[in-house]
Amino acid sequence: MGMAGMAAVCLAAMAAEGGAEAQATPMRGPLRVHPANPRYFTDNSGKAILLVGSHTWNNLQDMGETDPPAAFDFDGYLDFLARHGHNFIRLWRWELVNWDATSHVPMPRTHFVAPHPWLRTGPGTALDGKPKFDLSRFDEAYFRRLRSRIDAARKRGIYVSVMLFEGWGMQFVADAWKKHPFHPANNVNGLDGDANGDGKGLEIHTLARPEVTRIQEAYVRKVMDTVGSFDNVLYEIGNETHPSSTEWQYHMIRFMQEYEKGKRKRHPVGMTFQYRGGSNQTLFDSPADWVSPNPEAGARDYRTNPPTADGRKVVLSDTDHLWGIGGNADWVWRTFLRGHNPIFMDPYKRDILEGGSFEQWEPVRRALGVALRLSRGVDLASMSPQDAVASSGYCLAKPGAEYVAYLPKGREVTMDLTAASGTLTVEWIHPIEGTVTRAEPVSGGSKQTLRAPFSGPAVVHLR
């Protein structure tokens, strides 16, 4: 084995060990937008923190074709995330008691969902044959689970976005309204969220009924009181609620921000794309701290050629809102080097989400871990997207000091190093395997053409 090969093997082993150690590093306070580089979050360390990870639908509430559904192995899921070097998940909330989405996506016909935030005490029977919900009484088992899972993730160095509401199912599941606790036949409180009487109930994600908003605000306060002491918490108002939900989401964001003013710790609140028919501009105009856009047509598409992050919001670019189920390692690196945080909706064990085999998505998972490990080894807080610096068009840099470029097609890249003086070290990183190969240093002060030492896509790091 040559010296370059030995260097690659040794450095890869060191990098893998560093990633495992970093997962166990205690968090230094809750996240907040980095004051100098608002493309990222920071904590009390002052370092810019990249968020990457795989999330899956049943990681909070159990789901399955039996009633009650089989328990989700959350500890095994955390092991899976740690093996891949991830540091972020969305913790999914599903509002419906059961659902059938066969007409919209190829999934098993019926999934039952448990637990839910409110007790089912009756009197009376709901449409699913179980006791009606009492929306004035919380199910403490739900909130104990919520707290326990966030605490378990914290111990593994994983940030958790707590999803508060879910809008996709309300729009696309057959007879969704009949499966919701706010349907008048499903609760003992006389609450009816279907303000226009069309049988869809989409108005629950608007401000149409003040009595609905009050119930929702009480639930949100309960969530924040339950998990607000943790440093690894973020909040997400709702997954893919309809475009008419804008003012309701803005209201909820401001409500949460105001409520936390009286708390010892404050946490970022996010807004995700409004499917279907929303606008990314609505996200960037919002009071949210972070957003998750959809692709949007044009030359700069978040799937294949992401726009350069400008710092208006921290962007968690989530495959959920780009493909549904999709993505690849190439997307991870294009996203990272344009200043965004890449997040993957993972079919995982395919018991809820279908689409491809487990092995098909391994390159995405591994690329996320490699990107996170690299982000921890650079001065990310001082770096910004500098597309023109690399002939490939993908570069994060602190011009004159440090550069990371991605070569989607491999081979070679021309780097504009005119801002640098002296020499710069050069390391080539495999974007999926994470192996690192040192190359000869290069001189600053001019443009330099660098050739990758292996075939296929490549990442180069200079400083």
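For clarity, every value in this text was computed on a predicted model and none was experimentally measured.
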Charged tip of [X] within 45° of [Y] ring normal and under 6.0 Å:
X	Y	answer
Arg365	Phe358	yes
Arg338	Tyr394	yes
Lys222	Phe143	yes

Working for side-chain hydrogen bond (donor to acceptor under 3.5 Å, both in side chains), residues His55 and Asp318
CA-CA 10 Å; His55 59 90; Asp318 191 337; 3.0 Å; yes
Gap between atom [atom2] of [Y] and atom [atom1] of [X] - 0.5 Å precision:
X	Y	atom1	atom2	answer
Phe344	Ser317	CZ	OG	13.0 Å
Trp92	Met163	CH2	CE	4.0 Å
Met27	Asp43	CE	CG	9.0 Å
Asp330	Lys409	CG	NZ	10.5 Å
Arg463	Leu424	CZ	CG	11.0 Å
Asn232	Leu31	CG	CG	8.5 Å

For Thr304 and Arg334: C-alpha separation, side-chain torsions, deciding distance, then whether side chain to side chain contact (heavy atoms under 4.5 Å, CB included) applies.
CA-CA 8 Å; Thr304 59; Arg334 291 176 188 262; 5.7 Å; no
For residues [X] and [Y], report the shortest heavy-atom separation together with the two atoms involved.
X	Y	value
Val227	Val233	O-CG2, 3.6 Å
Trp361	Ser357	CD1-O, 3.3 Å
Leu164	Tyr219	O-OH, 2.8 Å
Met383	Asp379	CG-O, 3.1 Å
Gly339	Ala309	O-CB, 3.4 Å
Trp331	Asn328	N-OD1, 2.8 Å

Quick one: do [X] and [Y] make a salt bridge, cutoff under 4.0 Å?
X	Y	result
Asp225	Lys263	yes
Arg90	Asp320	yes
Asp301	Arg303	yes

Is the ring centre of [X] less than 6.0 Å from the ring centre of [Y]?
X	Y	answer
Phe80	Tyr348	yes
His321	Tyr302	no
Phe41	Tyr159	no
His116	Tyr142	no

Quick one, Arg300 with Asp387, criterion salt bridge (charged side-chain N to carboxylate O under 4.0 Å, His left out). Give me CA distance, side-chain angles, the key distance, then yes/no.
CA-CA 13 Å; Arg300 288 299 179 99; Asp387 299 354; 3.3 Å; yes
Side chains of [X] and [Y] in contact at under 4.5 Å (non-hydrogen atoms):
X	Y	answer
Val291	Thr272	no
Ile204	Met170	yes
His242	Leu202	yes
Asp310	Thr308	no
Phe112	Met63	no
His86	His84	yes
Leu380	Asn37	no
Leu146	Val223	yes

Side chains of Ser384 and Gln386, donor plus acceptor under 3.5 Å:
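Result is yes, a qualifying pair exists.
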Under 3.5 Å side-chain donor-acceptor pair for Trp290 and Glu236
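There is no such pair between these side chains.
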Evaluate the criterion ring-ring contact (aromatic ring centres under 6.0 Å, His included) for residue pair Tyr406 and Phe336; output intermediate values, then yes/no.
CA-CA 10 Å; Tyr406 173 55; Phe336 172 37; over 10 Å; no
Distance-only, no hydrogens or angles: does the [X] side chain make a donor-acceptor pair with backbone N or O of [Y] under 3.5 Å?
X	Y	result
Asn341	Val315	yes
Gln257	Pro287	yes
Asp416	Thr418	yes
Asp100	Val173	no
Arg39	His34	no

Measure the acute angle between the ring planes of [X] and [Y], then classify it against the limits of 30° and 60° as parallel, tilted or perpendicular.
X	Y	answer
Trp168	Trp57	tilted
Trp248	His205	tilted
Tyr235	His267	perpendicular

Run the side-chain hydrogen bond (donor to acceptor under 3.5 Å, both in side chains) check on Gln274 and Thr246 step by step: do they pass?
CA-CA 8 Å; Gln274 297 166 292; Thr246 298; 2.9 Å; yes
Walk me through whether Asp151 and Lys155 qualify under salt bridge (charged side-chain N to carboxylate O under 4.0 Å, His left out).
CA-CA 6 Å; Asp151 190 30; Lys155 293 173 182 176; 3.7 Å; yes
Criterion side chain to side chain contact (heavy atoms under 4.5 Å, CB included) on Met224 and Tyr259, from CA distance to verdict
CA-CA 9 Å; Met224 298 172 79; Tyr259 188 65; 3.9 Å; yes
Stepwise, does the side chain to side chain contact (heavy atoms under 4.5 Å, CB included) test hold for Gln249 with Phe165?
CA-CA 10 Å; Gln249 292 206 61; Phe165 302 95; over 6 Å; no
Just wondering, are more than 12 heavy atoms of other shown residues or ligands nearer than 6.0 Å to CD in Gln281?
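Check passes, neighbour count above 12.
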Please determine which of Arg154, Lys265, Arg32 meets the salt bridge (Lys or Arg N to Asp or Glu O under 4.0 Å) test together with Asp231.
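Going through Arg154, Lys265, Arg32 one by one, the salt bridge (Lys or Arg N to Asp or Glu O under 4.0 Å) with Asp231 is satisfied by Lys265 alone.
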Between Tyr403 and His461, is the ring-ring contact (aromatic ring centres under 6.0 Å, His included) condition met? List the steps.
CA-CA 6 Å; Tyr403 306 81; His461 177 206; 9.5 Å; no
Set out, in order, the CA-CA distance, both residues' side-chain angles and the distance that settles side chain to side chain contact (heavy atoms under 4.5 Å, CB included) for Asn239 and Phe273, then state yes or no.
CA-CA 8 Å; Asn239 175 67; Phe273 182 71; over 6 Å; no
